[in-house]
Amino acid sequence: ETLPLIPGSLTFEEEISGDIITPSDEIYYNDNIKTELTPGNAGTTTYVVTETVIDEHGEEHTTTKTYTESDVIPTTTGTYEIDVITDDGKNTEEVHYTIKIDKTAPTSVQEPDGDTKTIPVGETTVTVGTTITAEDEGGSGVEKIEYAITTAPDNAPSIWTEIENGTTVE
């Protein structure tokens, strides 16, 4: 009697931190992917990684590589479709995973940035304002924006305040 073919599987973790990766269309990671391959119960088990990235001109590029053992998948910002294929010569079983990577750091802009203000004679305060905006081109978005005010560049602020994107701070 032939046993049913049980497919192989992969577990994933971030290469540097060792944090477990949960494959998802909605969660982004920012590290290379370390895999641990568990073979199926018969035949051979391989996995095929298809990387899709969009270049600076908006063009989509796809590359594919086949792995036969646990390894580290070098990544860039993009989507990785991973298919684990177990084949015993008669039957084939596949397990599919999607992992999204965002290695593009978000950017922020302050307008105006770094103005020097003079307190008028006879006054004790001056109002300073700047509008803070942030964006992320890697796909994962900006989780939060925080700002702090310091009296000198060498003084590290101890209190940070969270704000909405595009807020003018005075």
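Given the structure is predicted, the values throughout are model-derived calculations rather than measurements.
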*State which residues pass side chain to side chain donor-acceptor pair (under 3.5 Å) with Tyr80; sequence neighbours excluded, sorted by chain then number.*
Glu51
*asked:* Filter on ring-ring contact (aromatic ring centres under 6.0 Å, His included), then keep only pairs touching residues 41-70, sequence neighbours left out; what's left?
replied: Tyr47-Tyr67
*Working to the nearest 0.5 Å, report the span between OG1 of Thr104 and CG of Asn30.*
10.5 Å
_Single-linkage hydrophobic cluster, 4.5 Å side-chain cutoff, Ile99 and Val95 together_ = yes
*Is there a chain of hydrophobic side chains (I, L, V, M, F, W, Y, each step under 4.5 Å between heavy atoms) that links Val53 to Tyr28?*
no
*Salt-bridged, Glu146 to Lys144, with N to O below 4.0 Å?*
yes
*Close side-chain approach of Thr92 to Ile85, heavy-atom, < 4.5 Å*: yes
_Is it the case that the side chain of Asp83 and the backbone of Val48 share a donor-acceptor pair, with hydrogens and angles ignored and the cut-off at 3.5 Å?_
no
*CD1 of Ile119: more than 12 outside heavy atoms within 6.0 angstrom?*
yes
*Do the side chains of Thr52 and Glu60 get nearer than 4.5 Å, heavy atoms only?*
yes
*Should Glu13 and Glu15 count as side-chain neighbours, where that means a heavy-atom distance under 4.5 Å?*
no
*Checking Thr35 side chain against Ser70 main chain: does a donor-acceptor pair fall under 3.5 Å?*
no
*Under 4.5 Å between side-chain heavy atoms, hopping through other hydrophobics if needed: is there a path connecting Ile27 to Ile73?*
yes
*Check whether Val169 and Val142 end up in the same hydrophobic cluster, where Ile, Leu, Val, Met, Phe, Trp and Tyr are linked by side-chain heavy atoms less than 4.5 Å apart.*
yes
*Any donor and acceptor pair, going by atom type alone, linking the side chain of Asp102 with main-chain N or O of Thr77 inside 3.5 Å?*
no
*Please check if the side chain of Asn32 supplies one atom and the backbone of Thr75 the other of a donor-acceptor pair under 3.5 Å.*
yes
_Lys34, NZ atom: more than 12 neighbouring heavy atoms under 6.0 Å_ = no
*asked:* For Gly40, is there any backbone N or O sitting under 3.5 Å from a side-chain donor or acceptor partner on Thr45?
replied: yes
*Does the Asp88 side chain pair with the main chain of Ile6, one donor and one acceptor, at a distance under 3.5 Å?*
no
*Give the minimum heavy-atom separation between Thr86 and Gly8, together with the two atoms involved.*
OG1-N, 2.7 Å
_Let me confirm one number: the OG1-NE2 distance from Thr50 to His96, rounded to the nearest 0.5 Å._
8.5 Å
_A quick test of your reading: do over 12 heavy atoms of other residues, nucleotides or ligands sit less than 6.0 Å from CD of Glu162?_
yes
